[in-house]
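When reading the values below, keep in mind they use all heavy atoms of this one structure, side chains included, and skip hydrogens, waters and symmetry mates. Predicted, not measured: the structure shown is a model, and the values here were computed from it.
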Amino acid sequence: MSSEGHPYVPHGLYLPGYVPGFLSMTTILSVYAGVSLVIVLLTWRLSGRCAKISKIDRLLMCWFIFTGLTHIILEGYFAFSPEFYKEKTPNYLAEVWKEYSKGDSRYAARDAGVVAVEGITAVLEGPASLLAVYAIATRKPYSYSLQLAISLGQLYGDAAYFITSFLEGDNFATSPFYYWAYYVGANSSWVVIPALIVIRSWKKISAAFQVPKKTKSR
């Protein structure tokens with residue numbers, strides 16, 4: 001523990017009123033994984049009742065319900081709870097961010113760039129992700145455009161998140177373990193999956209607007 005009473009880096013980070021977390025890392029991750037798994041499995045089961053929905057679209061519905069609720073609930077809590085580190089009860093959402101801040105102390109420090117990225121993500125991309133689930137299930141014509149927009153927004157947020165950290169010294173993790181497990185590992189899905197969705201959506205949209213070539217008459 002640092003002289004400021006918190007475990008974060010830099011050790012001189014000023015967090016008045018900081019209260020140590022109540023829940024263990026295992027408990028926090030188990031709850032998140034368990035709840036996420038239930039939601040994904042339920043979405044997969046219900047999506048099977050949709051007519052003419054491919055397995056890829058069903059998987060996309062699972063992804064967008066997962067990412068949408070994560071944006072709205074977890075990231076929304078962070079964006080609008082500036083003093084989560086002072087929480088004196090085992091509030092699960094506060095515990096998540098106390099724990100995650102070990103991998104990126106900019107969250108505990110309320111870095112303006114991080115708050116802005118998370119706030120936009122929670123307010124715009126979260127609801128849009130849930131709309132994407134509906135659009136895929138009902139085969140709306142704007143489905144691919146919406147998926148493309150959401151995924152590009154997520155990639156932009158990733159770029160801003162990682163680049164600002166690099167420019168500021170990339171020294172916000174308590175240890176290499178938290179750096180790779182939280183800062184890198186926990187965010188990797190929001191780089192790889194949106195990139196794949198962008199490629200797929202781009203191809204689908206391009207194919208829809210492709211004009212068949214006219215054969216020359218003899």
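There is a path of hydrophobic side-chain contacts, each under 4.5 Å, that joins Val184 to Val114. A continuous path of Ile, Leu, Val, Met, Phe, Trp and Tyr side chains, each step under 4.5 Å between heavy atoms, connects Phe177 with Tyr179, placing both in one hydrophobic cluster. There is no path of hydrophobic side-chain contacts, each under 4.5 Å, that joins Leu46 to Leu60. Leu29 and Val35 fall within the same hydrophobic cluster, defined by Ile, Leu, Val, Met, Phe, Trp and Tyr side-chain heavy atoms under 4.5 Å apart, directly or through other members. Linking Ile, Leu, Val, Met, Phe, Trp and Tyr residues whenever their side-chain heavy atoms come within less than 4.5 Å places Trp180 and Val191 in a single cluster.
Here the shortest heavy-atom pairing between Tyr85 and Pro16 reads CE1-O, 3.4 Å. The shortest non-hydrogen separation linking Leu23 to Pro90 is CD2-CB, 4.5 Å. Across all non-hydrogen atoms, the minimal contact from Leu15 to Ala108 is CD2-O, 3.3 Å. Counting all heavy atoms, side chain and backbone alike, Pro194 lies closest to Ser151 at O-CB, 3.5 Å. The heavy-atom pair separating Ala173 from Gly103 by the smallest distance is CB-O, 3.5 Å. The two atoms that bring Met61 and Ala137 nearest to each other are CE-CB, 3.7 Å, heavy atoms only.
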- Step by step, work out the side chain to side chain contact (heavy atoms under 4.5 Å, CB included) result for Leu93 and Phe78. CA-CA 8 Å; Leu93 297 179; Phe78 165 77; over 6 Å; no
- Message: Pair Trp97, Tyr77 - check side chain to side chain contact (heavy atoms under 4.5 Å, CB included), show working.
- Response: CA-CA 9 Å; Trp97 293 111; Tyr77 174 84; 3.8 Å; yes
- Could you walk me through whether Arg45 and Leu41 pass side chain to side chain contact (heavy atoms under 4.5 Å, CB included), step by step? CA-CA 6 Å; Arg45 184 72 178 272; Leu41 290 177; over 6 Å; no
- Task: Might you work through the side chain to side chain contact (heavy atoms under 4.5 Å, CB included) test for Leu59 and Trp44, ending with a clear yes or no?
- Result: CA-CA 7 Å; Leu59 288 172; Trp44 176 261; 3.7 Å; yes
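Considering only residues two or more places apart in sequence or on other chains, Lys98 meets the side chain to side chain donor-acceptor pair (under 3.5 Å) condition with none of them. Scored by the side-chain contact (heavy atoms from CB on, under 4.5 Å) test, Ile193 finds Trp63, Ser189, Ile197 as partners (sequence neighbours excluded). Listed by chain and residue number, nothing satisfies the side chain to side chain donor-acceptor pair (under 3.5 Å) test with Ser36 (two or more places apart in sequence, or in another chain).
Checking Asp111, Val9, Leu13, Asp104 one by one against Phe172, the side-chain contact (heavy atoms from CB on, under 4.5 Å) holds for a single residue, Asp104.
Within a 6.0 Å radius of CD1 in Ile56, no more than 12 heavy atoms belonging to other residues, nucleotides or ligands are found.
Side-chain contact, Thr67 with Gln154: a donor N or O sits under 3.5 Å from an acceptor N or O.
Ring pair Tyr183/Tyr161: centre-to-centre distance below 6.0 Å.
Note on residues 48-61: pairs passing salt bridge (charged side-chain N to carboxylate O under 4.0 Å, His left out), not counting sequence neighbours, are Asp57-Arg200. Pairs of residues two or more places apart, or lying in two chains, never qualify as ring-ring contact (aromatic ring centres under 6.0 Å, His included) while including a residue from residues 115-158.
Using cut-offs of 30° and 60° on the angle between ring planes, the pair His6 and Tyr18 is perpendicular.
Looking at heavy atoms from C-beta onward, Glu99 lies in side-chain contact with Tyr182 at the 4.5 angstrom threshold. Under the 4.5 Å side-chain criterion, counting only non-hydrogen atoms from C-beta, Glu168 is in contact with Arg106. Side-chain contact between Val96 and Phe84: absent, with no pair of heavy atoms (C-beta onward) separated by less than 4.5 Å.
In this structure a side-chain-to-backbone donor-acceptor pair under 3.5 Å is missing from Ser105 to Tyr8. Side chain of Gln147 to main chain of Ser201: no donor-acceptor pair is present (N/O by atom type, distance under 3.5 Å, no hydrogens or angles). For the pair Ser206 (side chain) and Lys203 (backbone), a donor-acceptor distance under 3.5 Å is absent. Remark: the backbone N or O of Gly185 is paired with a side-chain donor or acceptor of Ser188 at under 3.5 angstrom.
Interatomic distance, Ile163 CD1 to Asp170 CG, rounded to the nearest 0.5 Å: 12.0 Å. In this structure, the separation between CD1 on Ile73 and OH on Tyr32 is 10.0 Å, given to the nearest 0.5 Å. In this structure, Asn187 CG and Phe162 CZ are separated by 4.5 Å, a value rounded to the nearest 0.5 Å. Atoms CD1 and CG, from Ile199 and Leu148 in turn, are 11.0 Å apart once rounded to the nearest 0.5 Å. In this structure, CD1 on Ile39 lies 5.0 Å from CG on Leu69, to the nearest 0.5 angstrom. Distance check, rounded to the nearest 0.5 Å: NZ of Lys86 to OG of Ser81 gives 13.0 Å.
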Could you pull out every donor-acceptor pair under 3.5 Å between side chains of residues 115-127 and any protein atom, sequence neighbours left out?
from: Glu118; atom 1: OE2; to: Tyr107; atom 2: OH; distance (Å): 2.5
from: Thr121; atom 1: OG1; to: Val117; atom 2: O; distance (Å): 2.7

